[in-house]
Amino acid sequence: IVSAVDAGLGAGIVVDGGGTVYVPIRFGNLRIEPELSFYRSKNDTTSTAPINTVEYETKSISLGSGVYLRQPIGSSLETYVGGRVGYYKSDSSRTYPNSPSSNYSSDTSGFYVGPTIGAEYFFNKQFSIGLDVSVLYRPGTTDSTYGTITNKTDMTDLLTETRTALRFYY
């Protein structure tokens with residue numbers, strides 16, 4: 001009988017923060033987990049004052065991977081520690097069709113890297129839920145335009161990220 005912690009390949013989603021999909025791949029006590037995250041939102045607001053009609057759009061994508069050392073604790077629970085690294089890009093715009101000089105757009109991109117620690121509980125050998133926390137260092141650049149004015153901003157973020165993940169192994 002193969003226990004859940006010995007399963008090799010799977011698929012997963014993050015259930016508490018929009019649109020992350022990943023593929024956990026296990027090699028003994030090592031797990032490599034490529035991840036793809038995406039988000040898109042578009043809103044149109046119409047007002048009785050034509051100047052106040054506005055269209056908002058936000059798109060973001062990130063591509064990365066985690067590498068973790070796993071430590072089984074019994075037959076249905078394991079802890080893991082490792083790190084994540086990846087690239088992100090986000091575009092947002094605010095468009096005033098009746099007042100183009102008020103339009104705004106920004107494009108942000110950069111990378112992220114940082115340590116992660118977590119635990120995973122197996123309901124059976126194919127299905128699990130995991131909780132983890134990462135501390136991510138995230139430098140990047142934002143190019144923004146307001147009407148005809150453009151700006152370039154270098155930024156550095158240090159943030160924590162918690163995730164609740166459902167994983168399926170096959």
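Bear in mind the structure is a predicted one, so any value in this text is a computation, not a measurement.
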What I'd like to find out is whether the side chain of Leu9 reaches to under 4.5 Å of the side chain of Val23, using heavy atoms alone. yes
Determine whether Ser106 and Ser144 satisfy the following criterion, side chain to side chain donor-acceptor pair (under 3.5 Å), listing intermediate values before the conclusion. CA-CA 4 Å; Ser106 69; Ser144 58; over 6 Å; no
Just wondering, do Leu36 and Ile61 contact through their side chains at under 4.5 Å, heavy atoms? yes
Report the C-alpha distance between Leu30 and Val67 in whole Å, list the side-chain angles of each, state the deciding distance to 0.1 Å, and finish with yes or no for side-chain contact (heavy atoms from CB on, under 4.5 Å). CA-CA 7 Å; Leu30 181 69; Val67 177; 3.7 Å; yes
Exercise: identify the closest heavy-atom pair between Thr141 and Met155: N-CG, 4.4 Å
For the atom pair CG (Asp107) and OG (Ser92), what is the distance rounded to the nearest 0.5 Å? 7.5 Å
So among Ile117, Thr160, Leu159, which one has a side chain to side chain contact (heavy atoms under 4.5 Å, CB included) with Val135? Thr160
Salt bridge or not for Glu35 and Arg84, using N-O below 4.0 Å? yes
Gap separating the CG atom of Leu69 from the CZ atom of Arg31, nearest 0.5 angstrom: 10.5 Å
Tyr112 and Ser134: side-chain contact (heavy atoms from CB on, under 4.5 Å), yes or no, with the steps? CA-CA 11 Å; Tyr112 59 90; Ser134 300; over 6 Å; no
At their closest point, which heavy atom of Phe27 faces which heavy atom of Ile32, and how far apart are they? CE1-CD1, 3.8 Å
If you round to the nearest 0.5 Å, how far is CG of Asp44 from OH of Tyr56? 10.5 Å
Is it possible for you to say whether Ile13 and Phe127 belong to one hydrophobic cluster, with membership spreading through side-chain heavy-atom contacts below 4.5 Å? yes
OH of Tyr121 to OG of Ser128, rounded to nearest 0.5 Å, is 11.0 Å
Spell out, as yes or no, whether a donor-acceptor pair under 3.5 Å connects the side chain of Arg70 to the backbone of Gly28. yes
When hydrophobic residues are tied together by side-chain contacts of less than 4.5 Å, even through go-betweens, does Tyr39 share a cluster with Leu136? no
Charged N to carboxylate O below 4.0 Å: is that the case for Arg167 and Glu78? no
Considering all heavy atoms, the nearest Tyr88-Pro139 contact: OH-O, 3.5 Å
Before you tell me yes or no, could you show the steps for Gln126 and Phe168 under side-chain contact (heavy atoms from CB on, under 4.5 Å), namely the whole-Å CA-CA distance, both residues' side-chain angles and the distance that decides it to 0.1 Å? CA-CA 5 Å; Gln126 282 90 25; Phe168 176 76; 3.8 Å; yes
Starting at OG1 of Thr164, measure out to CD1 of Ile129 and round the result to the nearest 0.5 Å. 6.0 Å
salt_bridge(Arg138, Glu161) N-O dist < 4.0 Å: no
Is the ring pair Tyr137/Phe111 parallel, tilted or perpendicular, if the boundaries are 30 and 60 degrees? perpendicular
Using a strict threshold of under 4.0 Å (side-chain N to carboxylate O), is an ion pair present between Lys89 and Asp91? yes
Check for me, please, whether Val14 and Leu131 land in the same ILVMFWY cluster - side-chain distances under 4.5 Å, paths through other members count. no
Classify the ring geometry between Phe122 and Tyr169 as parallel (under 30°), tilted (30 to 60°) or perpendicular (over 60°). tilted
Count I, L, V, M, F, W, Y as connected when their side-chain heavy atoms are under 4.5 Å apart, and connections chain through other members. Are Tyr170 and Ile25 then in the same cluster? yes
If you round to the nearest 0.5 Å, how far is CZ of Arg40 from OG of Ser60? 11.5 Å
